[in-house]
Amino acid sequence: MIETLEVSRLRGYEYSINLNRVKDQKILDIISNDPRVERLDLINGYINIRIKEDVLLESTAKLEILNKRVSIEYPSVNPNKPWHIGHLRNALIGESMYRILKQRYNQVYRIDYIDDLGLQVAQSFWYFRKFGLTSEHPRFDHAIGMDYVKANQMFQEHEHEIREVLREMEENNIAREFVDRVLGDQLKTAQLYGIGTDIRVYESNIKLDLFNQGIQELKRNGYVEYVDSGDLKGTYVTKFNRKVIIRSDGTATYLGKDIVFQLWKAGFLSGLKFVEQDGVKISNTNGSIYNLNSDIIINVIGIEQSQHQQEIKELMNNMLPNKEYHHLAYQRVRLREGHFSGRKGNWLGYTADDLYNEGYERMNNKELSLAAIKFYILRHNPKTEVVFDWDKALNTQGGSGVYLLYTYVRMLSIERNASVEPKPKSLDDDDRELMKFYLHYRASMDKAIKYLDPSVVAELSLKLAEEFNSYYSKHRISNNPTKLFVLKRLKDLYEHLLYLLTIPTVTSI
RNA sequence: GGGCCUGUAGCUCAGUUUGGAUAGAGCGACGGCCUUCUAAGCCGUAGGUCGUGGGUUCAAAUCCCACCAGGCCCGCCA
């Protein structure tokens, strides 16, 4: 009962209900008879509930675990460039969301999709084969990214040739080694930022082991049909919303390839084979069959693909009404002068690695640099556009990742200086305010999961840090058994929150 | 033409889904606080037509309608 109510903003109370919302008098009886309730007060038309101290002291960060298989796909960066800040946003939202989801579902899998048969890779591979590496950078992904800008300028003139390369890639997978070399470097950035994956799927393997059988299956089940007249003559379209998935020349559209993959995630199609390497399942035609069978499918993809995602969602809901399909849409990170464009190459100087290096230079510390960047990105609601600003991204003062770590280190320091054993006696209102964060945590996690939004957790962490710093300046903690106990509990929760935000901790600053 | 997202303090953002207590933070400005657990901190002051106009309601930043501004999407591209 109590769990469903909102956590009160008033000091000393844990929950509050607006009297006007109480439609049924029985609710009042139930609340006042709840053994966990210590006291009810009526103030300004609100029922304020104070719960018993031991209930507060015993609250934990453990949520009810649901038995569902969840997959979340991110960051799926094209393997022909280094990660820029926009890719980093995708990866951080994905990784944080993954960690949050794991608190609620018993099986959560991270998927990274590698588009090794895309036009972008074809352009880069064509250029590389023709001219070799023409940009200088110690990292292959960076150099290739710079070369891509040049390759793109030549695209129109050499389109026929490049499309021919793409066909060769599709037939003989000739770019795989090139792609893996770029990917290997991209993964260094991923590792730097603590971004992980469980399942890596290459488009070439989908093409090889899943696509044709998948399309046959869809035809057999009547989900797609051949068009024999009109504008779309010669294509195969989805029966449900008449979107082209096979062109009249027999090749697959983006939607066609995508839908097959999403259906694989849901367990509707089978055939992908995997080998395991360092705990990661990697698609490989010589491996063994594995099916994910997700109940809930989440894709972290830019908001500009909303319409495309909506089409897939409708199709999935239509075919598999028992599965959930979600598009976690995020706005782009952009520069003052405009959006990132691989074509123009204005991501130069704004790669995820550049960002880290600049942070390291300013703070001379790996964790502080990472914390600043991660918090800056994650505290924005995914739907809001982030206009990139060096000083804001690498802020070391209030409302920053550095502030969060500083607060954490302060907690550790007080614990180190403790002169008594932590043991709770009676809590004053300030102690209760801190213990209440366990209740706030539950509410925030519900919200973060419901709306697929890690910024909820970022805001909670910041509020906790602010509340604690205020508490710290007001009370002497290290010689007070109750306050040391509260500190310990709060620190446990805080550590957990930082973990959810992918922010690594430090022990001193 | 159709659809989606955004608009809250000088700046960057919470709060909008579930209408309700004086609309909250940070940065920047100004003023305080280090012989006491980390001052990358804390406390205080100034700063608001919640894009605009209607509507619903006892009550609207929040719900409904229209409009304005910025961004994005509507292909046998990906």
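Each chain gets a letter, A, B and so on, in the order the sequences are listed, and its residues count up from 1. Computation of the quantities below employed the complete heavy-atom set of this structure, encompassing side-chain atoms and omitting hydrogens, waters and symmetry-equivalent molecules. Just so it is clear, the structure is predicted and the values come from calculations on it, not from any experiment.
Among the atoms of the strands shown, none is found under 4.0 Å from any heavy atom of A:His327. Among the heavy atoms of the strands lying under 4.0 Å from A:Ser508 is at least one base atom, whether or not backbone atoms are also near. At the heavy-atom level, A:Asn365 lies nowhere under 4.0 Å from the strands shown. Contacts of A:Arg334 with the nucleic acid, taken as non-hydrogen atoms under 4.0 Å apart, are absent. At the heavy-atom level, A:Asp258 lies nowhere under 4.0 Å from the strands shown.
When the C1' atom is compared between B:G15 and B:G53, the two are found 24 Å apart, to the nearest whole Å. Using atom C1' as the reference point in both B:U62 and B:A21, the two lie 16 Å apart (nearest Å). Rounded to whole Å, the separation between the C1' atoms of B:A9 and B:G28 comes to 12 Å. B:C74 and B:C30 are spaced 49 Å apart, taking the P atom of each and rounding to whole Å.
In terms of position on RNA chain B, the residue among A:Ser478 and A:Ser8 whose nearest nucleotide sits closer to the 5' end is A:Ser8.
In this structure, A:Ile246 and A:Thr253 have side chains that are not in contact, with every pair of non-hydrogen atoms separated by 4.5 Å or more. No side-chain heavy atom of A:Ile259 sits under 4.5 Å from any side-chain heavy atom of A:Lys243.
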**Prompt:** For RNA chain B, what string of dots and brackets results from 5' to 3' when Watson-Crick and G-U pairs need both distances under 3.5 Å, crossing pairs get [ ], and pairs with another strand get |?
**Reply:** (((((((..((((......[...)))).(((((.......))))).....(((((..]....))))))))))))....
Restricting both atoms to N or O, compile the protein contacts to nucleotides 75-78 of chain B shorter than 3.5 Å, with distance only.
from: B:C76; atom 1: O3'; to: A:Arg247; atom 2: NE; distance (Å): 3.0
from: B:C76; atom 1: O2; to: A:Ser248; atom 2: N; distance (Å): 3.1
from: B:C76; atom 1: O2; to: A:Ser248; atom 2: OG; distance (Å): 3.0
from: B:C76; atom 1: N3; to: A:Ser248; atom 2: OG; distance (Å): 2.8
from: B:C76; atom 1: N4; to: A:Asp231; atom 2: O; distance (Å): 2.8
from: B:C76; atom 1: N4; to: A:Lys233; atom 2: O; distance (Å): 3.2
from: B:C77; atom 1: OP2; to: A:Arg247; atom 2: NE; distance (Å): 2.5
from: B:C77; atom 1: OP2; to: A:Arg247; atom 2: NH2; distance (Å): 3.4
from: B:C77; atom 1: O3'; to: A:Arg247; atom 2: NH2; distance (Å): 3.1
from: B:A78; atom 1: OP1; to: A:Arg247; atom 2: NH2; distance (Å): 2.3
from: B:A78; atom 1: OP2; to: A:Arg247; atom 2: NH2; distance (Å): 2.5
from: B:A78; atom 1: OP2; to: A:Tyr254; atom 2: N; distance (Å): 3.2

Atom pairs, protein N/O to nucleotides 2-8 of chain B N/O, distance under 3.5 Å:
from: B:C5; atom 1: O2'; to: A:Lys383; atom 2: O; distance (Å): 3.4

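In summary, the side chains of A:Asn381 and A:Ser455 do not present any donor paired with an acceptor at a separation below 3.5 Å, with no hydrogens or angles considered.
Taking the six-membered ring for Trp and thresholds of 30 and 60 degrees, A:Phe388 and A:Tyr350 have ring planes more than 60 degrees apart, a perpendicular arrangement.
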**Message:** Counting primed atoms plus P, OP1 and OP2 as sugar-phosphate and everything else as base, spell out the protein contacts along nucleotides 40-47 of chain B at 4.0 Å heavy-atom distance: B, S or - for each nucleotide, 5' to 3'.
**Reply:** BSSS----
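As a whole-Å value, the separation of A:Phe375 CZ from B:A25 P is 15 Å.
The stretch residues 449-457 of chain A comes close to RNA chain B through A:Tyr451, each having a heavy atom under 4.0 Å from the strand.
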Only distances under 3.5 Å count here; give the side-chain donor-acceptor pairs of residues 401-408 of chain A to other protein atoms, sequence neighbours excluded, each with its distance to 0.1 Å.
from: A:Tyr403; atom 1: OH; to: A:Asn469; atom 2: ND2; distance (Å): 2.9
from: A:Thr407; atom 1: OG1; to: A:Tyr403; atom 2: O; distance (Å): 2.8
from: A:Thr407; atom 1: OG1; to: A:Asn469; atom 2: ND2; distance (Å): 3.0
from: A:Tyr408; atom 1: OH; to: A:Glu495; atom 2: OE2; distance (Å): 2.4

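The side chain of A:Lys447 places an N or O atom within less than 4.0 Å of a non-bridging phosphate oxygen (OP1 or OP2) of B:G15.
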